Amino acid sequence: MEISFYNTLSRKIEKFETLEKNKVSIYSCGPTVYDSSHIGHARSAIVWDLLVRFLRYAKYEVLWARNITDIDDKIINRASELKIHPEKLARIESFKFWKDMYALNISTPDFEPKASENIGIMINFIEALINKNFAYRTETGDVYFRVSAFPNYGKLKNLNREKEISRIEHTQNKESDSDFALWKNFDETSYCFDSPFGKGRPGWHLECSAMIKKYFGNTIDIHGGGEDLIFPHHENEIAQSEALNGCPFAKYWLHNGMIMINGRKMSKSENNYITINESLEKYSANAIRFFILTAHYRQALNYTEEALISSQNTINKLFKNLKNIDLNNIENNLNKEILNNFDLAMSNDLNSPKALAIVFEAIKTNDLKDLNTAFYILKILGFNLSEDTSNKEFNLDNFEDLFNLLLDLRKQAKENKNYELADKIRDSFSKAGFQIKDSKEKSEVIRI
RNA sequence: GGCGACAUAGCCAAGCGGUAAGGCAGAGGUCUGCAAAACCUUUAUUCGUCGGUUCGAUUCCGACUGUCGCCUCCA
């Protein structure tokens with residue numbers, strides 16, 4: 001299977017060739033754990049989960065790392081508002097994040113490093129940069145990356161530093177306004193770490209560079225993240241890592257588009273976000289995944305109730321076919337042609353909307369093999385094939401006699417043209433959360 | 001001001017040189033006592049506007065209009 005991805009670095013679709021045959025190293029930027037995650041984070045998680053699942057399906061040996069930023073001013077500020085230790089807040093929010101990830105059926109990353117557990121390697125990283133003259137200490141005990149020493153700075157964002165109007169505040173201690181912090185000095189006792197540069201905390205950009213080096217070495221195959229991270233975060237990661245290692249940092253840079261709400265990017269600071277948890281109270285995880293996958297991962301996507309309801313309706317309809325599928329033998333009865341179309345769609349920069357269209361076309365044929373293939377594809381796309389049925393399909397066993405009695409009474413009433421009684425029985429079922437499905441042969445009860 | 005992305009039916013959304021996938025909603029039908037469910041059929045002579053290239057453009061090029069993102073923490 002020939003796969004290609006849009007590489008932010010070249011701004012082109014490129015053929016995917018791994019550094020090492022059949023092996024893929026992927027790093028995607030994880031959350032800063034100070035508050036609940038929202039649908040924007042869900043999209044990011046689902047997109048990278050999709051990438052990992054697809055590459056594994058394509059027979060690659062994938063190792064995926066996603067970090068947790070647990071050292072950050074926002075965590076410290078929020079913790080102090082709540083009068084708890086930052087570590088406790090980070091732990092609470094990490095658990096919430098994992099709970100969301102589990103609910104959304106996101107694969108477990110192979111590595112999930114925390115900043116707080118990798119201070120040592122970050123300090124080593126900084127010292128090596130200082131030794132190579134790519135970083136300098138200030139009188140106040142901070143350490144900054146010397147951007148002027150790295151000529152390639154700006155290659156990811158394609159920025160022209162001469163013409164940039166920097167909004168970065170001028171700081172007296174920095175050699176240049178565009179230099180960024182590798183270590184920030186803090187004398188306060190609240191939440192600091194010892195280092196050769198004095199007590200303080202590492203700069204945000206550093207943890208990803210340090211962790212990638214720790215788990216994957218100097219170069220990785222794919223680095224992913226939200227497109228809002230391109231600058232300055234990813235640009236700075238490149239600067240640090242390539243300055244130190246003297247070789248390319250990531251071969252492919254993939255970025256997911258933003259979730260929009262009311263025409264604006266969903267974000268904490270705009271206070272216009274819907275948390276994953278809130279959304280899951282209204283819609284199933286499969287519906288949320290479907291909503292995310294209906295758009296190509298690089299496009300902006302609007303979160304609207306209408307779109308989510310639409311996705312939920314679609315999933316409900318789609319999963320009614322699941323009862324005809326033997327999940328244990330799903331891999332043994334596949335339509336190769338459909339699967340081939342799926343491969344083509346997904347290998348073209350993860351065209352999930354097209355992949356979903358292939359699923360619907362497969363279901364239309366009324367062929368069991370095609371139906372089976374459709375669900376096999378849904379499984380690869382990360383849909384949970386047990387979720388939407390276990391709750392909705394009612395197991396009649398315990399109520400069989402009672403329900404059959406009522407259905408018989410209704411049938412008799414209808415035969416006697418006693419529609420008042422017949423409708424009363426139907427309404428009663430409805431009030432109790434059940435629906436009577438009439439067909440020519442029989443009537444059955446399903447849970448709504 | 002710099003960099004970049006996007007504009008396709010009521011809504012969501014693929015396609016990106018050969019004459020518009022798919023989903024939701026809607027409409028009609030079959031079924032029904034009436035419904036619901038299910039099933040079948042149906043819904044853009046047209047892809048923001050104006051030019052250009054081409055035998056042919058939604059797809060390429062240019063201009064314009066509009067929307068959005070990044071340049072500050074951000075998935």
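Every heavy atom of this structure was used, including side-chain atoms; hydrogens, water molecules and symmetry mates were not. In what follows, every chain begins at residue 1, and chains take the letters A, B, ... in the order their sequences are listed. Quick caveat: nothing in here was measured; it's all calculated off a predicted structure.
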Have a look at Ile259(A) and say if it touches a base, only the backbone sugar-phosphate, or nothing, with a 4.0 Å heavy-atom cut-off. base

If I take atom CE in residue Met260(A) and atom C1' in nucleotide rA5(B), what distance separates them, rounded to the nearest angstrom? 11 Å

Gap in Å between the two P atoms, one belonging to rC16(B) and one to rC11(B), rounded: 24 Å

In plain terms, say whether Glu93(A) and Lys96(A) are close enough for a salt bridge, that is, a side-chain N and a carboxylate O under 4.0 Å apart. yes

Residue pair Asp110(A), Tyr215(A): steps toward the side chain to side chain donor-acceptor pair (under 3.5 Å) verdict: CA-CA 10 Å; Asp110(A) 299 284; Tyr215(A) 290 107; over 6 Å; no

Write down the distance between CZ (Phe360(A)) and P (rG23(B)), rounded to a whole number of angstrom. 6 Å

Output the rounded distance in Å from CD1 (Ile68(A)) to P (rA75(B)). 12 Å

Could you state the CZ-P distance from Arg298(A) to rC70(B), rounded to the nearest angstrom? 18 Å

Would you tell me whether Glu242(A) and Asn152(A) have side-chain atoms, one donor and one acceptor, within less than 3.5 Å of each other? no

Can a cation-pi geometry be assigned to Lys214(A) and Phe111(A), taking NZ or CZ under 6.0 Å from the six-membered ring centre and within 45° of the ring axis? no

Separation of rG22(B) C1' from Ile315(A) CD1 (nearest whole Å): 14 Å

With heavy atoms under 4.0 Å as the rule, sort Met266(A) into base, sugar-phosphate or nothing. base

Spacing of Asp49(A) atom CG relative to rA75(B) atom C1', expressed in whole Å: 15 Å

Angle between ring planes, Phe134(A) versus Phe145(A), binned at 30° and 60°: parallel, tilted or perpendicular? parallel

Using a cut-off of 4.0 Å between protein heavy atoms and nucleotide atoms, how would you tag nucleotides 11-16 of chain B 5' to 3' with B, S and -? S-SSS-

Write down the distance separating the P atoms in rC64(B) and rG56(B), rounded off to the nearest Å. 26 Å

For Lys155(A) and rG4(B), give me the distance from atom NZ to atom C1', rounded to whole Å. 18 Å

Any side-chain heavy atom of Ser310(A) within less than 4.5 Å of one from Phe291(A)? no

Remember a base hit wins even if backbone is also touched, and classify Lys268(A) as base, sugar-phosphate or nothing at under 4.0 Å, heavy atoms. nothing

For rU58(B), give the paired nucleotide (Watson-Crick: N1-N3 plus N6-O4 or O6-N4; G-U: N1-O2 and O6-N3; both under 3.5 Å), or none. none

Tell me whether the side-chain N/O atoms of Asn158(A) come closer than 4.0 Å to OP1 or OP2 in rG4(B). yes

Write out a two-atom table: protein N or O, nucleotide N or O from nucleotides 59-62 of chain B, distance below 3.5 Å.
none

From CG of Asp228(A) across to P of rC71(B) the rounded distance in Å is 8 Å

Applying the Watson-Crick and G-U wobble criteria at under 3.5 Å, what pairs with rC34(B)? Answer none if nothing qualifies. none

When all nucleic acid strands are considered with a 4.0 Å heavy-atom cut-off, which category describes Ile230(A): base, sugar-phosphate, or nothing? nothing

Can you tell me the pairing partner of rC24(B) across any strand shown, Watson-Crick or G-U wobble, with both distances under 3.5 angstrom? rG10(B)

Please report the distance separating the P of rA20(B) from the corresponding atom of rC47(B), rounded so that it comes out in whole Å. 12 Å

For a quick check, with a 4.0 angstrom heavy-atom cut-off, what is the B/S/- contact string for nucleotides 30-44 of chain B, read 5' to 3'? ---BBBBBS------

With Asn335(A) as reference, evaluate Asp370(A), Thr373(A), Thr365(A), Asn341(A) under the side-chain hydrogen bond (donor to acceptor under 3.5 Å, both in side chains) test and give the passing residue. Asp370(A)

Should the pair Lys74(A)-Asp35(A) be classified as a salt bridge under the 4.0 Å nitrogen-to-oxygen rule? no

Taking rG33(B) as the reference, what is the distance to rU46(B) when you measure between their P atoms (whole Å, please)? 45 Å

Check whether the ring centres of Phe193(A) and Phe186(A) lie less than 6.0 Å apart, and answer yes or no. no

Is the shortest distance from a Lys or Arg side-chain nitrogen in Arg146(A) or Glu175(A) to a carboxylate oxygen in the other one below 4.0 Å? yes

Closest to the 5' end of RNA chain B, once Ile39(A) and Arg11(A) are matched to their nearest nucleotides, is Arg11(A)

Atom pair OG1 (Thr140(A)) and CG (Asn185(A)), whose distance is rounded to the nearest 0.5 Å: 6.5 Å

Would you say Arg264(A) places a side-chain N or O within less than 4.0 Å of OP1 or OP2 belonging to rG69(B)? yes

Asn313(A) side chain near rA25(B) phosphate (N/O to OP1/OP2, under 4.0 Å): yes

Pairwise P distance, rC70(B) and rG48(B) [rounded to whole Å]: 25 Å

C1' atom, rC61(B) versus rA27(B): distance in rounded Å? 42 Å

C1' atom, rG18(B) versus rC12(B): distance in rounded Å? 28 Å

More than 12 heavy atoms of other residues, nucleotides or ligands under 6.0 Å from CD of Glu415(A): yes or no? yes

With a 3.5 angstrom cut-off on both distances, give the Watson-Crick or G-U wobble partner of rU45(B), or none if there isn't one. none

Is it true that Arg426(A) and Asp438(A) make a salt bridge, defined as a side-chain N closer than 4.0 Å to a carboxylate O? no

Paired with rC3(B) by Watson-Crick or G-U wobble geometry, both distances under 3.5 Å: which nucleotide is it? rG69(B)

Parallel, tilted or perpendicular: which one describes the rings of Phe95(A) and Trp98(A), with boundaries at 30° and 60°? perpendicular

Gly40(A) near the nucleic acid: base, sugar-phosphate alone, or nothing, with a heavy-atom cut-off under 4.0 Å? base

Which part of the nucleic acid does Gly263(A) contact within heavy-atom distance under 4.0 Å: base, sugar-phosphate only, or nothing? sugar-phosphate

Separation between the C1' atoms of rG66(B) and rU8(B), rounded to whole Å: 16 Å

